[in-house]
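Numbering of residues begins at 1 and proceeds along the displayed sequence. In what follows, every heavy atom counts, from backbone to side chain, and hydrogens, waters and symmetry copies are set aside. It should be emphasised that the depicted structure is a prediction, and the values quoted were computed from it without experimental measurement.
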Amino acid sequence: WGDDGHYAVCKIAQGYFEEETVVAVKKFLPASADGELAAVCSWPDEIKRLPQWRWTAALHFADTPDYKCNYDYSRDCAEDWCVTGAIFNYTNQLMSASEDSLSIVPYNLTEALMFLSHFMGDIHQPLHEGFLGDLGGNRVKVSWYNQETNLHRVWDDMIIESALEKYYNSSLSIMIHALEDKLKYGWSNDVRSWGSCQRNETACPNPYASESIDLACKYAYKDATAGTTLGDDYFLSRLLIVEKRIAQGGIRLAATLNRIFSSKP
Ligand code: DCM
Ligand code: DCM
Ligand code: DCM
Ligand code: ZN
Ligand code: ZN
C-alpha cells in the first residue's frame, strides 16, 4: 500500500490493542511517533532505497509464479526473504523482548515493531503476491481514468485516492471511521476468525499471502491487461476488496501484537 493504506491499517489496529499491547507499543515507538503507531507505519517505505537499507526492499512482497494463482512458502519465500518470512522474523524478535526482559536483546525492537506493522499491511495488498514476470503488476501499464500509471499503483494508491475524493470528502480519517463502523456492524462476526491463528502460532502470515494471490487473480489482474483504461466498473467492484483487505490487515496486526505482548501462557 501507499501511505494512506498503511496509515489506515495501523490506525484500525490501534483500536483493537489489549492493555499490555498499548503499554509495549508505547515503549518501543520512536519519540517522533508521538504515541501513535500509525504515524510510523510507512517508515519502511521511506528508507528502503537508502544504501544501508536496500536489503529490506524485497521484504515488502512475495511474488508468485506467473498464472499459477497460488502461494507456497518454500517456493515463493526462498531463504525466508519475502514479506511472509519478514513477518515471522520480526514477530520472533519482538517475542524475545516480551519473554526475557532481563537479558540483553540483540535486536532494535523499535525497528522490529515498525517493520512488522508495515509488512502486515503489505501482505494484504493482493498484488504484493502478484506475478513474478510483471513485478506484481508494476510492469502492467494501464490508465486510471485519464491518468497513465501501472496496475500495482492502482492497488497501492489510486483506488484509495479515488474513494477518498468520491465518498469521503477527501478525508482519510472519515474513511477509517467508515471501516471501523463496518468492522463493528457489518463484519463483526468475521473479526474473531480473521484474527485467529491455527496451532497456537503467534503469527500466521501464510494464509494471508494465499488469500492475496487468489484475490489478485480474481480481481486485480482480471480485465486489466496492459493498455486497458480502468474506470468506474473496475473502481466500484475493486474498492470493496481494498476496504476489506485494509480492515483485515488492521485486525490481524492487532491480534498478532496482542499475542506477542500477552503475558498469558
Ligand atoms: N517456514 C519455512 N522455512 C523456514 C521457516 C518457516 O518453510 N525456515 C514456514 C513453515 C511454516 C511457517 O513458516 O509454514 C511457520 O513456521 P513456524 O511454525 O516454525 O513458525
Ligand atoms: N524464522 C525466522 N526468521 C528466519 C527464518 C525462520 O523468524 N529468517 C522463524 C520461522 C519459524 C522458526 O523461525 O517460526 C523456525 O524456523 P526454522 O524452521 O528455519 O528453524
Ligand atoms: N513490488 C512488488 N513486487 C516486485 C517489486 C515491487 O510487489 N517484484 C512492490 C513494492 C512497492 C511497489 O511494488 O510497493 C513499487 O516497488 P518499488 O518501490 O520497489 O519500485
Ligand atoms: Zn505496493
Ligand atoms: Zn511496503
Side-chain angles (χ1 to χ4, degrees), residues 1-47 60 83 86-87 90-91 93-95 97-98 108-125 128 156-157 160 163-164 168-197 202-205 208 242-264:
W1 307 113
D3 289 348
D4 288 349
H6 283 292
Y7 186 90
V9 166
C10 286
K11 190 80 184 175
I12 288 166
Q14 285 176 238
Y16 289 82
F17 286 174
E18 285 159 11
E19 189 52 37
E20 287 165 300
T21 307
V22 172
V23 171
V25 166
K26 275 225 171 80
K27 176 171 151 197
F28 295 131
L29 273 182
S32 63
D34 205 15
E36 272 251 286
L37 180 61
V40 292
C41 283
S42 287
W43 173 79
D45 279 336
E46 290 163 18
I47 54 128
H60 294 250
V83 69
I87 287 172
Y90 290 113
T91 296
Q93 291 189 14
L94 290 166
M95 291 288 284
S98 68
N108 182 326
L109 298 176
T110 298
E111 290 172 7
L113 176 65
M114 296 192 290
F115 278 126
L116 177 62
S117 301
H118 181 90
F119 295 145
M120 192 62 81
D122 274 344
I123 198 172
H124 283 82
Q125 206 279 53
H128 278 237
D156 266 356
D157 301 299
I160 296 172
L164 288 172
Y168 300 111
N169 197 22
S170 294
S171 161
L172 183 58
S173 52
I174 295 176
M175 182 171 183
I176 291 167
H177 278 301
L179 293 177
E180 287 169 339
D181 281 346
K182 272 200 192 185
L183 280 165
K184 262 195 222 135
Y185 305 113
W187 292 317
S188 57
N189 291 325
D190 300 321
V191 166
R192 181 181 292 270
S193 67
W194 288 353
S196 68
C197 286
T202 307
C204 48
Y208 315 157
V242 167
E243 293 193 333
K244 189 167 176 182
R245 292 306 272 170
I246 286 173
Q248 284 179 321
I251 293 300
R252 286 162 169 174
L253 173 57
T256 304
L257 292 173
N258 287 338
R259 283 189 290 267
I260 290 171
F261 295 118
S262 166
S263 55
K264 286 178 234 122

Using a 3.5 Å distance criterion without hydrogens, assess whether the side chain of Ser42 forms a donor-acceptor pair with backbone atoms of Asp45. no

For the residue pair Trp194 and Leu183, establish whether any side-chain heavy-atom pair is separated by less than 4.5 Å. yes

Taking side chain as C-beta onward, heavy atoms only, is Leu253 less than 4.5 Å from Cys10? yes

Once rounded to the nearest 0.5 Å, what's the spacing between atom OG of Ser117 and atom CG of Asp122? 11.5 Å

Between the side chain of Asp4 and the main-chain N/O of Ile160, is any donor-acceptor distance below 3.5 Å? no

Donor-acceptor contact below 3.5 Å, side chain Gln14 vs main chain Ala38: yes

Backbone N or O of His124 within a donor-acceptor pair of the His128 side chain at under 3.5 Å? no

Is there side-chain contact between Thr202 and Cys197, with heavy atoms separated by less than 4.5 Å? no

State, with a plain yes or no, whether a side-chain heavy atom of Met114 is found less than 4.5 Å away from one of Cys41. no

Report the C-alpha separation of Ser263 and Glu20 in whole Å, then their side-chain angles, then the decisive distance to 0.1 Å, and conclude whether the side chain to side chain donor-acceptor pair (under 3.5 Å) test is met. CA-CA 8 Å; Ser263 55; Glu20 287 165 300; 2.6 Å; yes

Whether the side chain of Arg245 engages the backbone of Gln125 through a donor-acceptor N/O pair (distance < 3.5 Å, no angle test) should be reported. no

Ring centroid separation Trp43 to Phe115 under 6.0 Å: yes

Ser196 side chain vs Ser193 backbone, donor-acceptor pair below 3.5 Å: yes

Any side-chain heavy atom of Asp190 within less than 4.5 Å of one from Ile251? no

Is the side chain of Gln93 donor-acceptor paired with the backbone N or O of Leu109 at a distance under 3.5 Å, no angle test? no

Look up atom CG in Asn169 and atom CG in Leu164, then write down how far apart they are to the nearest 0.5 Å. 10.0 Å

I want to check something: taking the side chain as every heavy atom from C-beta on, are Lys244 and Lys182 in contact at a cut-off of under 4.5 Å? no

Side chains of Met120 and Tyr208, heavy atoms from C-beta outward: is any pair under 4.5 Å? yes

Backbone of Tyr16 reached by a side-chain donor or acceptor of Asn258 within 3.5 Å: yes

Once you round to the nearest 0.5 Å, how far does OG1 of Thr21 lie from CZ of Phe261? 7.0 Å

Output for pair (Phe28 CZ, Leu257 CG), nearest 0.5 Å, gives 11.0 Å

Quick one: pull up CG in Leu116 and OG1 in Thr91 and give me the separation to the nearest 0.5 Å. 4.5 Å

Applying ring pair (Phe, Tyr, Trp, His ring centres under 6.0 Å), run through His6 and His118 and close with a yes or a no. CA-CA 7 Å; His6 283 292; His118 181 90; 3.7 Å; yes

Donor-acceptor pair, side chain of Asn108 and main chain of Thr110, under 3.5 angstrom: yes

Has Arg252 got a side-chain atom pairing as donor or acceptor with Gly195's backbone, closer than 3.5 angstrom? no

Run the numbers on Glu180 and Lys11 for salt bridge (charged side-chain N to carboxylate O under 4.0 Å, His left out), then give the verdict. CA-CA 10 Å; Glu180 287 169 339; Lys11 190 80 184 175; over 6 Å; no

